[in-house]
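Every number for a ligand or one of its atoms is a count from 1 in the order of the listing.
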Amino acid sequence: MERMRSWLFVPGHRQKMIDKAPGRGSDALIYDLEDAVPPDEMDAARRKVGAALDAAKEGPRRFVRIHGAGHGAMDGDLRAVVRPGLEGLVLPKVDRPEDVTAVDRSLTERESEAGMRPGSVRLAAMIESAMGLIQAPAIAASSPRLVALMFGAEDFAVDLGLFSFREGELMSYGRSALVVAAASARLEPVDKVYLDFRDPDGLARETQAARGLGFSGKTLIHPAQIEVVHRVFRPTDEEVESARRVVEAFEAAPEEGTMAVDGRMVDLPVVKRARWILRSAAKREISMRREG
Ligand code: COA
Ligand code: MG
């Protein structure tokens, strides 16, 4: 699956948001059945999300955040949303590998009942506790369905007794550890939400920091956040230009092994990174042309 920069949460009980969300331009949608939905609205939300999946055509990939393993509502969530049109599930509050494998098994049954290929529904695991973070490398390796680890900063802050989930060294450590755990199993690391949805500059700064930490995408709560995040995750013109010079210099004299370009040492890992930047810039150009 290609890298997905923007994962927009859409509350499962808000019909107007559900209707318009696919047209807002995010790479993925996460219809929420967990913490954004009041208990009284749960049944209605399951029906609304099920109907949205049936109507899904092109556009963003559709994920649903269900209740986690061990929660009484999980089976009902699965019955309502495992159907063609569903790309994957977001599992909240994953503390250990068994929280993933339990869902994996129920999913396989549901898939055959829904006439879907077994194993086709993907998973993203939310890490939002001290235990989840410690177990993150084992969680990341626990199912071939997994495509991403996501950082749930609000619940993480509650679990660790932090006053704020904004910044601070513990929060950066948690985010960094999640990136490394995801990379160890070749999963995408997806960063926390930024709650001040009327503050694009603050969001751009936090996204820039996330990019520096190694995240490939960010969870979002409002459509206004999509374009900001896409802009930050796009390679800059300078990065593309510098990568092009590195690759050209290396390909002109591969037998040299190491060389100097723009006053900097270039060797194989630098060339690999430069090629990766050029490939992702080319892909973005194609998808931007498609977007409009
Ligand atoms: N998904 C889809 N559409 C959304 C949206 C979302 N998450 N958030 C806002 N919109 C839509 C609104 O419906 C509105 O549409 P309209 O122009 O057609 O009327 C438009 O975007 C502008 O919304 P705005 O008035 O600025 O915000 P709001 O007050 O309606 O909603 C929130 C603000 C925070 C309540 C809302 O963004 C939200 O519920 N976000 C998701 C929360 C969530 O899922 N949390 C769980 C994970 S952390
Ligand atoms: Mg949470």
Side-chain angles (χ1 to χ4, degrees), residues 4-39 41-42 44-46 48-49 51-53 55-56 59-71 73-74 77 81 88-95 99-100 123-133 136 139 148-162 164-166 171 174-175 178 190-200 202-203 206-207 210 217-230:
M4 293 194 286
R5 304 155 292 175
S6 53
W7 302 67
L8 176 64
F9 274 108
V10 185
H13 60 306
R14 297 255 188 253
Q15 190 64 53
K16 205 180 75 170
M17 292 187 188
I18 291 174
D19 291 341
K20 290 190 176 173
R24 304 282 192 177
S26 66
D27 292 335
L29 297 176
I30 306 173
Y31 298 117
D32 195 14
L33 293 179
E34 200 218 13
D35 284 350
V37 179
E41 303 254 16
M42 187 50 63
R46 285 174 176 161
K48 287 173 185 170
V49 171
L53 293 170
R61 296 179 188 265
R62 271 73 159 189
F63 284 74
V64 178
R65 181 165 74 170
I66 60 171
H67 291 83
H71 195 291
M74 190 191 85
D77 290 347
V81 304
L89 299 172
V90 174
L91 308 181
K93 304 183 175 74
V94 176
D95 285 339
D99 295 343
V100 176
L123 295 175
M126 292 194 73
I127 303 298
E128 30 192 358
S129 67
M131 181 58 86
L133 192 65
I139 291 167
L149 293 188
M150 295 178 169
F151 192 60
E154 289 173 84
D155 281 298
F156 184 75
V158 173
D159 193 47
L160 279 103
L162 303 181
S164 155
F165 59 88
R166 276 169 178 273
M171 203 48 83
R175 291 160 82 204
L178 180 137
V190 182
D191 194 27
K192 67 195 272 288
V193 294
Y194 185 76
L195 297 189
D196 303 336
F197 59 87
R198 302 210 192 287
D199 175 16
L203 173 64
E206 187 174 277
T207 309
K218 207 160 166 56
T219 43
L220 309 180
I221 51 157
H222 193 284
Q225 298 183 317
I226 298 168
E227 192 37 50
V228 176
V229 164
H230 286 189

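Residue-and-atom listing of protein N/O/S atoms under 2.8 Å from the Mg ion (ligand 2), sorted by chain and number: Glu128 OE1, Asp155 OD2.
At a threshold of 4.0 Å, the pair Asp35-Lys93 counts as salt-bridged, since one of the basic side-chain nitrogens sits closer than that to a carboxylate oxygen.
To the nearest 0.5 Å, atoms CG (Leu220) and CG (Leu8) are separated by 6.0 Å.
Scanning all heavy atoms of the two residues, the minimum distance from Val81 to Leu53 falls at O-CD1, 3.4 Å. Heavy atoms only, all atoms of each residue included: Ala28 and Met4 are closest at CB-SD, 4.0 Å. Of all non-hydrogen atoms in His13 and Val37, the two that sit nearest each other are ND1-CG2, 3.8 Å. What you find for Ser6 and His230 is that their closest heavy atoms are OG-NE2, 2.7 Å.
Here Gln225 pairs with nothing under the side-chain hydrogen bond (donor to acceptor under 3.5 Å, both in side chains) rule; sequence neighbours left out. Qualifying ring-ring contact (aromatic ring centres under 6.0 Å, His included) partners for Phe151, counting only residues two or more places apart in sequence or in other chains: Phe156.
Side-chain contact between Arg62 and Pro22 is present, with heavy atoms from C-beta onward closer than 4.5 Å.
Contacts of ligand 1 (protein heavy-atom distance under 4.0 Å) are Leu8, Phe9, Val10, Pro11, Lys16, Met17, Lys20, Arg24, Asp32, Ala36, Arg65, Phe197, Arg198, Ile221, His222, Pro223.
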